[in-house]
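Reviewing the structure listed below.
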2 protein chains.
Amino acid sequence: MQVLPTYEDVAAAARRIEGHAHRTPVLRSRTADEELGAQVFFKAENLQRMGAFKFRGAFNALSRFDAAQRKAGVVAYSSGNHAQAIALSARLLGIPATIVMPQDAPAAKVAATRGYGGKVVTYDRYTEDREAIGRKLAEEGGLTLIPPYDHPDVIAGQGTAAKELFDETGPLDALFVCLGGGGLLSGSALAARALSPGCAIYGVEPEAGNDGQQSFRSGAIVHIDTPKTIADGAQTQHLGNYTFDIIRRDVDDVLTVSDAQLVDEMRFFATRMKIVVEPTGCLGFAAARAMRAQLQGKRVGVIISGGNVDMERFCALLA
Amino acid sequence: MQVLPTYEDVAAAARRIEGHAHRTPVLRSRTADEELGAQVFFKAENLQRMGAFKFRGAFNALSRFDAAQRKAGVVAYSSGNHAQAIALSARLLGIPATIVMPQDAPAAKVAATRGYGGKVVTYDRYTEDREAIGRKLAEEGGLTLIPPYDHPDVIAGQGTAAKELFDETGPLDALFVCLGGGGLLSGSALAARALSPGCAIYGVEPEAGNDGQQSFRSGAIVHIDTPKTIADGAQTQHLGNYTFDIIRRDVDDVLTVSDAQLVDEMRFFATRMKIVVEPTGCLGFAAARAMRAQLQGKRVGVIISGGNVDMERFCALLA
């Protein structure tokens, strides 16, 4: 029986990341309020270090390493934000980091990871298994593997974003959080249950990648093929064991939105709120807008998960 | 002899706008710090209501109306952010607003001004004089004219952005502020001289529109033709009487940057800091970057004035 992280772990993570992670602003928009008929509070994790909430969980996990772990180092496999979050956190804490990335990962991401001081090990994504490579590096070199979402310290770290939101706004009626592997959603749920017990908590996925919704509604983790969606941060194929147990216990429902809705919200954020949000970061607000009939007069939290979209793609999507 | 506004006026304005204007966040960027070799504090007025600092001065000026002025209403002439700032502030304060705009003003701006409840009076910019129309409306209807920058209450209101910055960061070594008509720069200078006396204050203009630099260095207000620059918020032809006197007294120098530098910083803000900044809003940071050799190890403030650029233009500039 696995021991799930609790709100106390979120609070401890908040103390560990203080002064290292940005305390991101809670943004308001008169237009958003009018369009939804509600008060909307946006937690802007696109303004977090590295442009996404992932830094919180990575830094928290690495902060808990003991002396032997720190010396041997950390290994992570990721082609996205988790890799950079681990590499940056490791550099700040003086821990060697090895990141397993596909050979054909975007050069900019490889460069960014190396720029943070991470050692990059590449693999062929068609013939090799990144998890096996990660495990092998961990076993042979004594490195500690930190997975992208299914880890108590990662979940507790991600929960600090919602904790900061509630600390600033007080209790809310509803909270909308994007859902990929479930690290952010399960951490947010821990914070919400403690700080705003009456708050309805919604996870939001892209329509094409609704494994979380299927899992939530069926009561067992459902695996799907890598979904086709512009929300690249939510292209995970299944929830984790920890994240699923917390989501099943604490989340009210899992909703889905279309890619077209995500593009509409990217445009809204850029034109009305002057912020760059990646498609995955638009999931929460897109679902809140779709539910606006039920949110009249309510106080609504939305977590904007990140802003890592290159400008060429951003402009192509908005064109 | 005109009586210049003081820091006490800025502090009073801060009390008036509290709860009405957003207290915008001060953003940090590790990349900006590394590239400049300095600690850079960005006051993000692109995240202000209506997307620009202009709301501060307009709301402050209208808050000071007496009962007769409130009843008769306000008139302003502007094709840009000042019009919307006056219209929105007037609506919030229950004051009728008339905005004089050119017949060929962008439909979106006219609609936005009307959306805030403002009455729009149009004129032909080739045959009619907007100042004369504004004065006539003021005289005939008893309306109070609020000019876009050369007014003590407007200047004091704009100074609240820098006041909030210093309240959060403590004293800084240098402050970079964009310069059009001088409302933001002169207000910022009042705040800086009171809260951070040793801070060097720089106004920054587009190269093509360096009337402020010419004025500052010659000691008299220089008029120029409407300059050709992408920094549309700094296309003013001359400083005001109040703003010039404060700038001459309190500002250390006026610098210029090229349009190409502004585009580079728009890209930096979007890709690294995940915020949309209009060309004028990039003036301060572009100048700070150009001066980086002299800023090593320093604590540097940059005011980002606004984010009102439509996405089509934004993407065209970044392409």
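In what follows, every chain begins at residue 1, and chains take the letters A, B, ... in the order their sequences are listed.
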| Which of the residues B/Gly307, B/Ala316, B/Ala319 is involved in the greatest number of heavy-atom pairs with chain A at under 4.5 angstrom? | B/Gly307

| message | Looking only at heavy atoms and a cut-off of under 4.5 Å, which of B/Pro25, B/Gly115, B/Ser29, B/Ala270 has the most pairs with chain A? | response | B/Ala270

| Given side chains that start at C-beta, do those of B/Val276 and A/Ile275 come closer than 4.5 Å, heavy atoms only? | no

| Nearest atoms (heavy-atom pairs only) where B/Arg28 meets A/His22 | O-NE2, 3.5 Å

| note | Most heavy-atom pairs under 4.5 Å with chain B, out of A/Arg272, A/Glu312, A/Arg49, belong to A/Arg49

| remark: The interface call for A/Phe269 against chain B, heavy-atom contacts under 4.5 Å, is neither

| query | By a 4.5 Å heavy-atom criterion (distance strictly below it), what part of A/Glu34 contacts chain B: side chain, backbone, both, or neither? | reply | side chain

| task | Indicate the atoms forming the closest heavy-atom contact of B/Leu47 with A/Met273, along with that distance. | result | CD2-O, 3.3 Å

| said: Are more than 12 heavy atoms, taken from residues, nucleotides or ligands other than B/Glu18, located less than 6.0 Å from that residue's CD atom? | reply: no

| query | For A/Lys274 and B/Asn308, which heavy atoms make the closest approach, and how far apart are they? | reply | NZ-OD1, 2.8 Å

